[in-house]
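Contents: one structure, followed by commentary.
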Amino acid sequence: MNGFFDLQVNGYAGVDFNSDELTEDALAEACCRLRMDQVDRVLATIITAPLDAMVRRIDKIVGWMETNDSIASVIAGIHVEGPFISPKDGFAGAHPKASVLMATEQDAGRLLVAAAGHLRILTLAPEQDPGASVTRFLTKHRVTVAAGHSDASLEELKASADAGLRLYTHLGNACPSVVPRHDNIIQRVLSVADRIAISFIADGHHIPMFALGNYLRCVPQRHIIIVSDAISAAGLGPGEYPLSGQTVFVDESGAAWSESRTHYAGCATPLKRMKELLNRELGVGESTIDEWMGDNPRRLLGSF
């Protein structure tokens with residue numbers, strides 16, 4: 001197989017992809033470190049911020065992709081996570097609620113233009129996209145639409161799937177720690193697992209490994225994708241690290257916490273470590289893990 005293909009990387013090895021101070025040299029060094037850690041391709045992930053800032057950050061990375069071969073050989077495109085997500089407590093996660101927007105074709109169009117043909121995935125909450133009009137708009141422009149940071153009803157999820165939704169972003173996270181015991185976003189998404197791919201963060205923190213094992217048994221093999229949701233702390237150990245203007249604290253166990261210490265804020269665990277955990281804790285074979293971390297994300301995007 002080729003190396004891992006990570007659909008969600010916010011930063012790596014001390015480099016924050018969402019920083020306005022990001023430099024070409026720093027991004028190239030992060031790409032080099034990703035390759036050293038067995039990651040072949042990634043989607044650079046830009047998270048919720050004021051729309052002008054998101055456009056500026058996308059434009060800068062895309063410009064370097066088009067002129068720097070060492071960056072283009074690793075960064076296969078852009079994953080925009082937000083700003084069309086749920087503003088509810090718990091569902092917004094580490095995303096700043098003040099910058100959350102209802103989805104409109106005009107704002108989605110600005111993100112498309114900034115990405116200049118390199119927008120591969122956009123994660124939104126279906127309930128923030130009335131009538132799934134933006135999902136249809138993005139699908140028409142060959143963007144893979146994902147749901148995430150969402151409390152969509154089952155009917156909203158199904159309608160979004162009818163309109164082109166193809167992925168759910170890091171299920172089991174970006175939701176409150178206490179939810180209704182039966183009718184909740186996790187159960188709703190699992191109920192449509194035959195229709196859409198589902199990504200999971202397999203670091204043992206975002207989802208306990210035993211619970212992840214339960215989820216994985218509910219999803220067709222071809223629809224399972226493991227992502228890192230890596231931030232600048234990935235691969236560096238305990239300490240304080242930046243994430244889009246925030247400070248993230250990585251503890252001794254490797255968990256990345258928000259400043260409030262109430263929820264996780266991205267992930268500090270590289271994919272190669274997640275592979276070890278899946279094998280050791282859940283007994284998943286190497287060929288299956290390689291499918292989840294390589295073949296399935298490539299198939300979702302239709303190339304690479």
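These numbers come from a predicted model, not from an experiment.
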Check your understanding: Any side-chain heavy atom of Asn279 sitting closer than 4.5 Å to one from Glu286?
Key -> no
Practice item. Compute the centroid of each ring, for His170 and then for His206, and state whether the two points are separated by less than 6.0 Å. Key: no
Review point. What residue among Lys272, Arg280, Arg273 forms side-chain hydrogen bond (donor to acceptor under 3.5 Å, both in side chains) with Glu276?
Key: Arg273
Review point. Within the side chain of Ser19, is there an N or O that forms a donor-acceptor pair under 3.5 Å with the backbone of Val15?
Key: no
Check your understanding: Looking at residues at least two apart in the chain, or sitting in another chain, which of them share a side chain to side chain contact (heavy atoms under 4.5 Å, CB included) with Asp20?
Key -> Arg56, Arg57
Check your understanding: Same hydrophobic cluster for Val113 and Leu119, using side-chain heavy-atom links shorter than 4.5 Å among ILVMFWY?
Key -> no
Practice item. Examine the side chains of Asp229 and Asn10 and answer whether a donor and an acceptor come within less than 3.5 Å of each other. Key: yes
Practice item. Please check if Met102 and Val100 belong to a single hydrophobic cluster, counting links between Ile, Leu, Val, Met, Phe, Trp and Tyr side chain heavy atoms closer than 4.5 Å. Key: no
Exercise for review: Report yes if the side chains of Val284 and Lys275 come closer than 4.5 Å at any heavy-atom pair, otherwise no.
Suggested key: no
Exercise for review: Spell out, as yes or no, whether a donor-acceptor pair under 3.5 Å connects the side chain of Gln128 to the backbone of Ile85.
Suggested key: yes
Point to revise | Heavy-atom pair with the smallest gap, counting every atom of Pro83 and Leu111 | key: CD-CD1, 4.2 Å
Review point. When you measure from the side chain of His79 to the backbone N and O of Gln8, does any donor-acceptor pair fall under 3.5 Å?
Key: no
Check your understanding: Hey, are the side chains of Leu7 and Ile225 touching, using non-hydrogen atoms and a 4.5 Å cut-off?
Key -> yes
Point to revise | Side-chain donor or acceptor of Asn184 paired with backbone N/O of Ile186 under 3.5 Å | key: yes
Review point. Got a sec, which residues hit side chain to side chain contact (heavy atoms under 4.5 Å, CB included) with Ala132, two or more places apart in sequence or on another chain?
Key: Asp129, Thr135, Arg136, Ala163
Revision key, fill the gap. In terms of heavy-atom contacts, Asn68 and Glu24 come closest through ND2-OE2, 2.9 Å
**Study point:** Pairwise distance CD1(Ile58) to NE2(His118) - rounded to 0.5 angstrom
**Key:** 12.0 Å
Practice item. For atom CZ of Arg142, decide whether the heavy atoms of other residues, nucleotides or ligands shown that lie under 6.0 angstrom number more than 12. Key: no
Check your understanding: Nearest heavy-atom pair of Met274 and Cys267: which atoms, and what distance?
Key -> CE-SG, 3.6 Å
Exercise for review: Would you please test Val145 and Leu167 for side chain to side chain contact (heavy atoms under 4.5 Å, CB included) and show each step?
Suggested key: CA-CA 7 Å; Val145 179; Leu167 173 69; over 6 Å; no
Check your understanding: Can you check whether Ser86's main-chain N or O pairs, donor with acceptor, with His149's side chain at less than 3.5 Å?
Key -> no
Check your understanding: Are Glu156 and Ser150 close enough that some pair of their side-chain heavy atoms sits under 4.5 Å apart?
Key -> no
Exercise for review: In sequence, state the C-alpha distance, the side-chain angles, and the governing distance for Leu301 and Arg41, and then conclude on side chain to side chain contact (heavy atoms under 4.5 Å, CB included).
Suggested key: CA-CA 12 Å; Leu301 297 184; Arg41 306 301 300 274; over 6 Å; no
Review point. Which atom names give the shortest non-hydrogen contact between Arg35 and Val74, and what distance separates them?
Key: CG-CG2, 3.8 Å
Review point. Hey, are the side chains of Ile61 and Leu22 touching, using non-hydrogen atoms and a 4.5 Å cut-off?
Key: yes
Review point. Using a distance-only test with no angle check, is there a side-chain donor-acceptor pair under 3.5 angstrom linking Glu127 and Ser153?
Key: no
Study note, to complete from the structure: Rounded to the nearest 0.5 Å, the CZ atom of Phe17 sits from the CG atom of Leu43 at a distance of 11.0 Å
Exercise for review: Calculate, to the nearest 0.5 Å, the distance between atoms CG and CG belonging to Leu171 and Leu212 respectively.
Suggested key: 10.0 Å
Review point. Is Asn18 reaching over with its side chain to a backbone N or O of Thr45, donor-acceptor style, under 3.5 angstrom?
Key: yes
Point to revise | Heavy-atom side-chain contact between Val219 and Phe200 under 4.5 Å | key: yes
Practice item. Would you kindly say whether Asn214 and Arg217 are connected by a side-chain donor-acceptor distance under 3.5 Å? Key: yes
Check your understanding: Is it true that Asp59 and Arg110 have a side-chain N and a carboxylate O under 4.0 angstrom from each other?
Key -> no
Check your understanding: Between Gly204 and Leu277, what is the shortest heavy-atom contact and its length?
Key -> N-CD1, 4.4 Å
Exercise for review: Give, for atom CD1 of Ile185 and atom CG of Asn173, the distance between the pair rounded to the nearest 0.5 Å.
Suggested key: 12.5 Å
Exercise for review: Before giving the answer on side chain to side chain donor-acceptor pair (under 3.5 Å), spell out for Glu291 and Gln221 the whole-Å C-alpha distance, their side-chain angles and the decisive distance to 0.1 Å.
Suggested key: CA-CA 8 Å; Glu291 181 181 0; Gln221 292 292 305; over 6 Å; no
Practice item. State whether the side chain of Arg188 and the backbone N or O of Leu157 hold a donor-acceptor pair below 3.5 Å, judged by distance alone. Key: no
Practice item. Tell me whether Tyr12 is reachable from Met36 by hopping between hydrophobic residues (I, L, V, M, F, W, Y) whose side-chain heavy atoms are closer than 4.5 Å. Key: no
**Study point:** Residue pair Leu278 / Met293, side-chain heavy-atom distance below 4.5 Å
**Key:** yes
Exercise for review: Working to the nearest 0.5 Å, report the span between CG of Leu34 and CD of Glu29.
Suggested key: 10.0 Å
Exercise for review: Could you go through the side chain to side chain contact (heavy atoms under 4.5 Å, CB included) check for Leu216 and Ile224 one step at a time?
Suggested key: CA-CA 7 Å; Leu216 294 172; Ile224 296 172; 3.7 Å; yes
Exercise for review: Treat each ILVMFWY residue as a node, draw an edge where side-chain heavy atoms are under 4.5 Å apart, and state whether Val179 and Leu154 are in one component.
Suggested key: no
Exercise for review: Assess whether side chain to side chain contact (heavy atoms under 4.5 Å, CB included) is satisfied between Ile198 and Tyr215, documenting all intermediate values.
Suggested key: CA-CA 10 Å; Ile198 302 174; Tyr215 296 164; over 6 Å; no
Review point. What pair of heavy atoms forms the shortest contact from Cys31 to Ser70, and how long is it?
Key: CB-O, 4.0 Å
Check your understanding: Going by heavy atoms in the side chains, are Pro297 and Phe4 under 4.5 Å from each other?
Key -> no
Point to revise | Interatomic spacing from CE in Met54 to CD in Glu81 - rounded to 0.5 Å | key: 9.0 Å
**Study point:** Sidechain-backbone polar pair: Asp6 side chain, Ser228 backbone, donor-acceptor under 3.5 Å
**Key:** yes
Practice item. Please check if atom NZ in Lys158 has more than 12 non-hydrogen atoms from other residues, nucleotides or ligands closer than 6.0 Å. Key: no
